[in-house]
Structures are given as C-alpha cells and as structure tokens.
Amino acid sequence: MRPSHICLAVLVAAVWGVNFVVIEVGLGHFPPLLFSALRFLVAALPAVFFVGRPKVAWKWLVGVGLVLGVAKFGLLFIGMDAGMPAGLSSLVVQIQAVFTALIAFVALGERPAWVRVVGMAVALAGIGVAAVHEGASGPLTAFGLTVAAAACWGVSNVLTRKAAPPDALNFMVWVSTVPVLPLLALSLLFEGPSRDLDALRALDWQGVGIIVYVAWITTVFGFGAWGFLLRRHPASTVAPFSLLVPVFGMSSAALFLDESVGGLQWCAAALLVGGVALTSLPGTRQKPIAEAAATATPVAPAAPTPARVR
C-alpha cells in the first residue's frame, strides 16, 4: 500500500475507535434508541440525494438495515447505556469476526481452514476473560448485550457478502435509511415520548457535534474511505487495519473518560485481537455458493467492520 493509503487506513481505525468514546458521551444527551435513530437519519440525509440510486436489491438493503442498524447498534447503544465501558465495548464487538466465520459456514458453506478455527478459539477465550472481568466489576447483562450486538454484526456481514455491493458508500447510505423509523418507533415504545422530547428540547451544540461525528465522520467518511481502500487493495491487506480499532478505542477511553485498563482487560485484548487476526488470515475453502459473494465489501467496524459502523 502507498504511504497515503496506510495513513488513511489508520485514520479510519482511529475514527472508529474514538467513536466509542463519542457514543458514551452522546448517551448522556440522548436515550440509546433515539440516539441510534438520529445517527442513521443524519447519515442518510442529505447524502442519499448525492450517492445515486441503490446498486443492490432492496431486500439486501432492508435486511442489512434491520440487522445492522436496528439490532446491532440498538443492542450496542443499550448495552453501553446500561454500563458497558466504551473501551471494553470497542474490544468485545471485534468478536464479530468469529460470528461472521461461523455464520458463513452455516449459511454459505464456507469451511474455515484450521488456522481460522484456532483463531476463533483464541478469540472466544479472550471473550471469556473479558466476561470474567466484567462479571467481577460491572454489569454482566450489559456485556451480554454487547456480545449479542457483535453476533448481529456477523449476520449483517454475511448478508452484505450475499448482496455484493459494488459501491460501499452508496450501500451504507441507503442502508442508513432503513433503521430510522423502526428505531424511532422502538424509542417511543420503550423510552417514551416524554423522554425523547426532553432530549430533543435540551439539544445543544455538543449534542449536535456528537450526532455529526457518529453520522458523517464514522459512517459517511469512514465507510466511504474503507470502501475506497478495498477497491484498490486486496481485502487481506486492508482488513488487518481494523484490529487497530480497539487499540484506539481503549486508549481514547482511558484518556478522555478515565477508564482504567487492568491486567485481565489487557489479557482479554491480547487474546481477542490475536484470535481475530488469525481468523482474518486467508485460507478459507468455499463452496460455489459463496464464490459470488467473496468479492463483496464486508461491513467494517464502527462502526462498523470491515464493511463494519458506528
């Protein structure tokens, strides 16, 4: 990769890592489901008027929009609102790589090579260590919601591969139109109209900046830049840069939120990042049903994964 492209890949990972800190701050301004709805609303508008018509069938846009936008981000935001630390969240959601491989095996018939099986086992061990730490020092339910969010991310990755979008930015902008109304409806149902109205009435410049960051910087810029890199370099060259996301996430959480990182967390980070790195190595044997999807742009972390959003 050219030095400028390496810098761009590192910048995207930094943007996605810091995003977890921004989300943590944003949850002090908005209820989680309303926050997620506003994120996708601002990501979709006005960008949807400039990216052209959708380049994949609507069934894929709706499927990814519901699984990634409503389920994944809804669960992640609720989990963080329930007490899951920003830095640990940035780490735990990387288990999406393991869920992606497992779901691809079941749904697409992709048989992982032994090195990827080892990587999945190592990553799961890291999740186990993180669960022990969180169970001793924080709400285990919030941890479980974050793992569930990672599982939904894995499902959306497989759907994205099946959709095989030729333009990652076009795809992500149109996907962002789907979750807005379901998330607003869920927010009104579970968070209540009075709480939503109070948050909107109290909107200040910090709140506006948070929405702009999570919508335009992490979603529009992040996914657009990631797609740019994937169109010019092999996925195996670009994808490892996503392993920097928890590095930036945990370090920025320690810097800006004073989150401490203990020995168990470092152990979990080493196991999970190392396992995900092994899982990302080439060598998967695929049946013909998966071959057409193999060149699709994966959903990058965020956010997301390799596209992953936030």
Side-chain angles (χ1 to χ4, degrees), residues 9-32 35-36 39 72-97 123 126-150 153 206-207 209-215 217-219 221-222 241-277 300-305 308-310:
V10 173
L11 176 61
V12 172
V15 163
W16 283 336
V18 173
N19 187 49
F20 287 88
V21 172
V22 177
I23 291 172
E24 182 73 24
V25 176
L27 288 169
H29 291 256
F30 311 101
F35 186 15
S36 191
R39 174 251 178 95
K72 186 263 182 178
F73 280 105
L75 289 169
L76 175 64
F77 281 32
I78 293 171
M80 292 182 66
D81 188 59
M84 186 68 174
L88 188 60
S89 297
S90 72
L91 175 67
V92 170
V93 293
Q94 299 308 313
I95 198 68
Q96 58 84 20
I127 287 294
V129 173
V132 169
H133 172 272
E134 192 62 14
S137 62
L140 197 56
T141 300
F143 181 88
L145 289 171
T146 307
V147 174
W153 195 355
Q206 185 183 52
I210 288 167
I211 294 295
V212 168
Y213 185 92
V214 299
I217 305 301
T218 65
T219 303
F221 166 75
F241 284 94
S242 68
L243 297 178
L244 294 174
V245 171
V247 176
F248 285 110
M250 296 177 73
S251 58
S252 61
L255 180 63
F256 296 111
L257 302 177
D258 293 325
E259 289 186 5
S260 61
V261 182
L264 275 179
Q265 284 177 289
W266 284 120
C267 179
L271 289 169
L272 206 155
V273 172
V276 170
T305 85
R308 236 99 1 267
V309 141
R310 201 177 264 205

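- When all heavy atoms are compared, the tightest approach of Leu255 to Asp258 is O-OD1, 4.3 Å.
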For residues 244-251, tabulate all N or O donor-acceptor pairs below 3.5 Å that involve a side-chain atom, not counting sequence neighbours.
residue, atom, partner, partner atom, Å
Ser251, OG, Val247, O, 2.7
Ser251, OG, Phe248, O, 3.2

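- Taking Ile95 as the reference, Val98, Phe99, Ala123, Leu124, Ile127, Ala150 meet the side-chain contact (heavy atoms from CB on, under 4.5 Å) condition, with sequence neighbours excluded.
- Under the 4.5 Å side-chain criterion, counting only non-hydrogen atoms from C-beta, Thr146 is not in contact with Leu75.
- For the atom pair CD1 of Ile217 and CD1 of Ile210, the computed distance is 13.5 Å after rounding to the nearest 0.5 Å.
- For Tyr213 against Val15, the heavy-atom pair with the smallest separation is OH-O, 2.9 Å.
- Across all non-hydrogen atoms, the minimal contact from Gly17 to Ser252 is O-OG, 4.0 Å.
- Every residue meeting the ring pair (Phe, Tyr, Trp, His ring centres under 6.0 Å) condition with Phe30, not counting sequence neighbours, appears here in chain and number order: Phe35.
- The nearest pair of heavy atoms linking Val12 to Gly222 is CG1-O, 3.9 Å.
- With sequence neighbours excluded, the residues forming a side-chain contact (heavy atoms from CB on, under 4.5 Å) with Glu24 are Met80, Ala86, Leu257, listed by chain and number.
- The main-chain N or O of Ala253 is never found under 3.5 Å from a side-chain atom of Glu259 such that the two would form a donor-acceptor pair.
- With rounding to the nearest 0.5 angstrom, the CH2 atom of Trp16 is 9.0 Å from the OG1 atom of Thr218.
- Side-chain contact check for Leu91 versus Val273: some heavy-atom pair is nearer than 4.5 Å.
- Contact check for Phe143 versus Val92: side-chain heavy atoms found under the 4.5 Å cut-off.
- Within the structure, the side chain to side chain donor-acceptor pair (under 3.5 Å) test picks out no pair touching residues 74-85 (sequence neighbours left out).
- The distance from the OG atom of Ser36 to the CZ atom of Phe77 is 5.0 Å, given to the nearest 0.5 Å.
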